[in-house]
Structure formats: C-alpha cells, structure tokens
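Shown next, in structure tokens, is the structure this report addresses.
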Amino acid sequence: MKFLSEWAIPLFILLVLAGGEYKGVKVYETFLQGAEEGLKTGIRLLPIFLAIFGGIAVFRASGALDFLCRLCAPLGNLLQIPQEILPLGLIKPLSGSGTLGLMIDLVQKHGPDSLIGTMAALVAGCSETTFYVLTVYLGAIKINRPKHLLLMGLLGDLAAFLTAVFIARWILG
C-alpha cells in the first residue's frame, strides 16, 4: 500500500503523458496553453480576492460581527446554540479561513471533545463559503446577477449550521 501511495501521482502523470502522446496531442504545448489561461484567470480574479478579504477584515474589525451575534443571541438561546458558535455561522458563508481561525480558537479554549469544540468543528466543515463561491466562480464566468443562487446558498448554509449544532448535541448529549 505504501508503494502505491508513493507512486500514484507520478504514475498518473506518466499515464496522462503517454496517453497524450499516443493520441498525437502536443502535451507540452497544451500544458503551457493551460498554464497561461490559468494565470490570466488568476490575475483577473485578484481584485475579487482583495475585495473579499478586505471586506471580511472590515466586517470583523468594525464590530459588525459582534453586533450581529448580539442580534442573533435570543434566537440562538431559544435553539440552544452556544453564543460562542454564532460567529462561526455568520462567518462561514463569507470565509473558510476566517471560520477555521475561529474554530481553532474555540477548540483550543474548550477542548476538541467538548460540546463547543465539536460544534465548531462540524460547523467549520459542514457547508461552503457561499459568498466566496459566488464571487470567484461566477465572477470568473461573468454571471453578474446570482440573486436566486445567493438565496439558495444562504439557506443551505443555515440548514447546514443548524444540522451541525443538532448533531453535536445529539452525539454529546
């Protein structure tokens, strides 16, 4: 098994190269063309990345995240959602790395086997970063009005968040 895991990627690359040569594809030229297109896409998406990460930094630094958590606290209490978990639910649609940072803080503070640590881990892994996906991927293919996609993505994020909280409560009682 160790041999297979060490050689899987090099063998796959050799298989692709051999298949390309067999079919008469100019493998190196095709690779360079794909790399050039990828670089152009990356450069075109750079302003989008800067806007996302800048917006998240402003959202957190301005106190807007804390304000929204205080607004959601009564509903969170009603649903038995610990207040420490609420920021994860609000940040997850915006930033996977921001969610990961908050999750790490909670796991270090409360422990990985605690209710809050388990909830944090489940929330961090339960859904996609909706705004990131819509901005980057739809921006790359130039879809400008993702109204219904945004609504469905946010509803999916909410369902995933509530399910993660429920599962953590169910597992740890």
Side-chain angles (χ1 to χ4, degrees), residues 1-2 4-5 8-9 12 38 41-42 44-173:
M1 186 56 85
K2 184 179 177 188
L4 182 62
S5 67
I9 292 176
F12 177 75
T41 300
R44 192 172 69 242
L45 293 176
L46 186 61
I48 295 170
F49 285 128
L50 292 175
I52 289 173
F53 295 130
I56 291 169
V58 169
F59 181 65
R60 290 182 75 185
S62 70
L65 176 62
D66 294 331
F67 176 73
L68 285 175
C69 287
R70 284 194 305 274
L71 281 178
C72 295
L75 181 59
N77 290 336
L78 182 68
L79 298 173
Q80 298 181 340
I81 300 170
Q83 290 202 349
E84 296 92 340
I85 298 297
L86 290 176
L88 287 173
L90 295 171
I91 288 290
K92 181 63 178 180
L94 300 170
S95 168
S97 59
T99 303
L100 187 61
L102 290 172
M103 181 207 70
I104 289 169
D105 291 344
L106 289 173
V107 168
Q108 287 176 345
K109 183 177 180 182
H110 297 279
D113 295 330
S114 68
L115 178 64
I116 290 176
T118 302
M119 277 185 190
L122 288 172
V123 168
C126 72
S127 65
E128 189 55 78
T129 51
T130 299
F131 286 98
Y132 177 84
V133 168
L134 291 178
T135 304
V136 173
Y137 297 129
L138 297 182
I141 58 173
K142 297 184 174 126
I143 293 178
N144 297 324
R145 297 185 323 175
K147 178 176 66 171
H148 300 297
L149 294 173
L150 177 61
L151 177 63
M152 291 298 106
L154 291 176
L155 285 174
D157 290 336
L158 177 62
F161 175 75
L162 294 174
T163 302
V165 168
F166 171 77
I167 287 173
R169 284 215 177 277
W170 180 58
I171 290 172
L172 297 178

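Minimum heavy-atom separation, Thr163 to Ala159: OG1-O, 2.7 Å. Closest approach of Met103 to Ala121, counting heavy atoms only: SD-CA, 3.6 Å. Scanning both residues, Lys92 and Ala124, for their nearest heavy atoms gives NZ-O, 2.6 Å. Of all heavy-atom pairs spanning Ala120 and Ile85, the tightest one is N-CD1, 3.7 Å.
For the pair Thr99/Thr129, no side-chain contact is recorded, criterion being any heavy-atom separation below 4.5 Å from C-beta on.
The residue from Leu115, Asp105, Ile116 that alone fulfils the side chain to side chain contact (heavy atoms under 4.5 Å, CB included) condition with His110 is Ile116.
Considering CD1 of Ile81 and CE of Met119, their distance stands at 7.5 Å, rounded to 0.5 Å. Distance check, rounded to the nearest 0.5 Å: OG of Ser114 to CG of Leu172 gives 8.0 Å. With values rounded to the nearest 0.5 angstrom, Leu154 atom CG is found 8.0 Å from Leu134 atom CG.
Judged as a side chain to side chain contact (heavy atoms under 4.5 Å, CB included), and not counting sequence neighbours, the contacts of Leu90 are Leu65, Leu68, Cys69. A search for side chain to side chain contact (heavy atoms under 4.5 Å, CB included) contacts involving Ile171 returns Ile167, not counting sequence neighbours. Partners of Cys126 according to the side chain to side chain contact (heavy atoms under 4.5 Å, CB included) rule, which considers only residues two or more places apart in sequence or in another chain, are Ala160, Ala164. Legend: residues meeting side-chain hydrogen bond (donor to acceptor under 3.5 Å, both in side chains) with Thr130, ordered by chain and number and at least two apart, are Asp157. Ser97 is linked by a side-chain hydrogen bond (donor to acceptor under 3.5 Å, both in side chains) to Ser95, counting only residues two or more places apart in sequence or in another chain.
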> Would Leu102 and Arg60 satisfy side-chain contact (heavy atoms from CB on, under 4.5 Å), going step by step from the backbone distance to the final call?
Replying inline: CA-CA 12 Å; Leu102 290 172; Arg60 290 182 75 185; 3.5 Å; yes

>> If you apply the rule side-chain contact (heavy atoms from CB on, under 4.5 Å), what do you find for Leu162 with Leu79, and how did you get there?
In response: CA-CA 9 Å; Leu162 294 174; Leu79 298 173; 4.1 Å; yes

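Residue Leu50 qualifies as enclosed at atom CG: its count of foreign heavy atoms under 6.0 Å is above 12. Residue-environment remark: CZ (Phe166) stays at or below the threshold of 12 foreign heavy atoms within 6.0 Å.
Sequence neighbours left out, not one pair with a member in residues 63-88 passes side chain to side chain donor-acceptor pair (under 3.5 Å).
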